[in-house]
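Below: the structure, in structure tokens.
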Amino acid sequence: MCYSEIGKWVENMNVYQEWGFKQNPFETLALPANKTGVRLLVGREKELKKLSQRLDSSTKIATVEGLNGVGKTSLVNVLLYKRFSETANTNIGPLYIPCDTQFQITGATDPEDFKQKVLLAVAQSLLNCHGSLRAAPGMTKPMEQTALKRFLNSPQISQISAGIAALSAGFGQETNTGFGYEHSGFEKTVRSWLLELFPTSTSGGVVCTLDNLELLQTSDHARKVVEELRDTVFAIQGIRWVLCGSLGIVHGILGSPRLEGRLHKPISVEDLSDDFAAEIYQNRVKNFRTRLTAKLPLTQSNFIELFDIMRGNIRSVLNEADEFCIWFADNSEDIEDFKDETHFEQWLEEELTNTYTAVQTEIRPRAMEVFETACQFEVFSPSDCMSFGFETPSAMRPHIKSLEATGLLRSAIDDTDKRRKTIQVTSKGWKIRAYLDFFDPIDEF
Ligand SMILES: Nc1ncnc2c1ncn2[C@@H]1O[C@H](COP(=O)(O)OP(=O)(O)OP(=O)(O)O)[C@@H](O)[C@H]1O
Ligand SMILES: [Mg+2]
């Protein structure tokens, strides 16, 4: 219960607030590009360093690859915020301004529209950031000529504000021929501003992320779209790019001769090791609690157990942690009911059993064998067919298809290089694996 703004005692529907937290500590959205993101990011020192070095070393496009939910977007967001705030505090080094918008493309994306969207978002991000930096004391008058100083003292700022204001009033209005009513006028101004702010390859830039390239479905398709962008948005001075994708898509793009020399080799983001599970849990509890007595029904050791079941896929772990907390709230009157771990064990058994029962009859014995081998690999490709007891990838294909249909495996289609097609075990698959490990009667013998 809590006291509402209109002065009545009401039932608080947010269980986490009732338990003493600002919000759900197991939120599955990517970590934001701010201080909270920095506080919550665990165990990515090597990847942060690699991404940082790629940004600094050339204007080539940095690429990040890893399975769904492993932490690619979070890594990029946190790195960009870190680099930006370091320069804002020290006034040294290239200035990287994270673009406020994260971009995605599908097969239907029109390159020209996309370019306009990017330019508008870039201009908007520069303005927002300019506003926030100017507000910081001591930031307005750096003594030396630096990227930051150039940015803060740029005379074009008001021109760009006017342009954005005009754009939001609508493109192509004949009544006013002033600045910003046409795409081309706006584009020219943004480009010249970027050139002034970031004149060389070492001055930094507005960093845009093209995320979730797997939305393009096949890496052949992704390659074509990225090739089209090569001479448009990827070639604008002062805009830097990071491409993110899962399931071998980024690797597929890298094979394009047209993109040769334009992309860095992907930074591979792998599942985090179990050693980090406790730290992830503790950071979240500390960051989101509003009082020291805050209490969750899910303990640190429960969280570590989920981490183990989900093989370190953070999004799956957070999702299951939240599912359990909601289940607890549904089934218990009070957090004080929580005394030991029996609730969690009961929920886990129910959850794993239900998942298994729902698919049990749909999986034939041979497909189950394939699934068990797939779990040993975690990620594999059709060319691993021999290890699964098949002579050829096509002999294995029907079993993979049926496991995909039941949601235990997921694969990306790579038209050009069949060997690189990536197949991964899903979170549902890991629950089945855990059911077999914990409760399968065969194991009792
Ligand atoms: N290093 C980390 N430490 C703590 N939490 C993390 C870390 N990386 C990611 N997370 C959390 O894991 C979840 C998934 O992260 P994120 O969205 O960045 O993954 P992703 O690889 O971009 O996923 P997708 O492929 O679906 O885009 C988020 O809830 C995020 O807060
Ligand atoms: Mg992502």
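Remember, it's 1-based here, ligands and their atoms both numbered in the order they're listed. Numbers here are sequence positions counted from 1.
- Residue L41 has at least one heavy-atom neighbour below 4.0 Å for each of these atoms of ligand 1: 1 (N), 2 (C), 3 (N).
- Within 6.0 Å of atom CZ in R364, 12 or fewer heavy atoms from other residues, nucleotides or ligands are found, so the atom counts as exposed in its surroundings.
- In K22, the NZ atom is crowded: over 12 heavy atoms of neighbouring residues, nucleotides or ligands sit closer than 6.0 Å.
- In terms of protein heavy atoms, atom 6 (C) of ligand 1 is closest to I314 CD1, 3.6 Å.
- With respect to atom 19 (O) of ligand 1, the closest heavy atom belonging to the protein is G71 N, 3.0 Å.
- Distances shorter than 2.8 Å separate the Mg ion (ligand 2) from the protein N/O/S atoms T73 OG1.
- When only modelled atom types and interatomic distance are considered, Q102 and N77 share a side-chain donor-acceptor pair under 3.5 Å.
- For G69, a nitrogen or oxygen atom sits less than 3.5 Å from a nitrogen or oxygen atom of ligand 1, counting backbone and side chain alike.
- Counting heavy atoms closer than 4.0 Å to ligand 1, residue L318 contributes side-chain atoms (C-beta onward) but none from N, CA, C or O.
- Counting the atoms of ligand 1 from 1 in the order shown, those under 4.0 Å from a heavy atom of A30 are 17 (O), 18 (O).
- E362 and T406 form no side-chain donor-acceptor contact under 3.5 Å, judged by distance and modelled atom types alone.
- Residue-level proximity to ligand 1 for L29 is carried by the backbone, the only part with a heavy atom below 4.0 angstrom.
- Atom NZ of K117 is surrounded by 12 or fewer heavy atoms from other residues, nucleotides or ligands within 6.0 Å.
- Between the side chains of Y435 and N354, no donor-acceptor pair of N or O atoms lies under 3.5 Å.
- Classified by interplanar angle (parallel below 30°, tilted 30° to 60°, perpendicular above 60°), the ring pair F103/W241 is tilted.
- Between E404 and K401 no salt bridge is recorded (no basic side-chain N to carboxylate O distance below 4.0 Å).
- Residue I280 places no N or O, backbone or side chain, under 3.5 Å from any N or O of ligand 1.
- Counting heavy atoms under 4.0 Å from ligand 1, residue S246 does not touch it at all.
- The shortest contact between atom 22 (O) of ligand 1 and any protein heavy atom is with T73 OG1, 2.8 Å.
- For ligand 1, the polar-atom distance check finds an N/O of V42 within less than 3.5 Å of one of the ligand's N/O atoms.
- For a threshold of 3.5 Å applied to N or O pairs, the pair formed by D211 and ligand 1 contains no separation below that value.
- For the 3.5 Å distance criterion, the side chains of E372 and Q376 fail to qualify, holding no donor opposite an acceptor.
- Residue Q104 does not touch ligand 1, judged by heavy-atom distances below 4.0 Å.
- Listed by atom number, the atoms of ligand 1 under 4.0 Å from L40 heavy atoms are 3 (N), 4 (C).
- Heavy-atom contacts of N212 reach the following atoms of ligand 1: 27 (O) (cutoff under 4.0 Å).
- Listed by number with element, the atoms of ligand 1 under 4.0 angstrom from any heavy atom of R44 are 1 (N).
- R291 and T293 share a side-chain donor-acceptor pair at under 3.5 Å.
- The nearest non-hydrogen atom to atom 11 (C) of ligand 1, considering only R315, K72, R284, E214, comes from R284.
- The single protein non-hydrogen atom nearest to atom 16 (P) of ligand 1 is S74 OG, 3.5 Å, given as residue, atom name and distance.
- Residue R223 holds its CZ atom at 12.5 Å from CG of L213, rounded to the nearest 0.5 Å.
- At under 3.5 Å, a nitrogen or oxygen of V70, whether backbone or side chain, sits near a nitrogen or oxygen of ligand 1.
- Between W19 and Y16, the ring-plane angle classifies as perpendicular under the 30° and 60° cut-offs.
- Defined by atom type and a distance below 3.5 Å, a donor-acceptor pair is missing between the side-chain atoms of T63 and E65.
- From S201, atom OG reaches atom NZ of K60 across 12.5 Å, with rounding to the nearest 0.5 Å.
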Checklist line | E369 and R366: CA distance, side-chain angles, deciding distance, salt bridge (Lys or Arg N to Asp or Glu O under 4.0 Å) verdict | finding: CA-CA 5 Å; E369 282 171 31; R366 189 69 184 100; 2.9 Å; yes
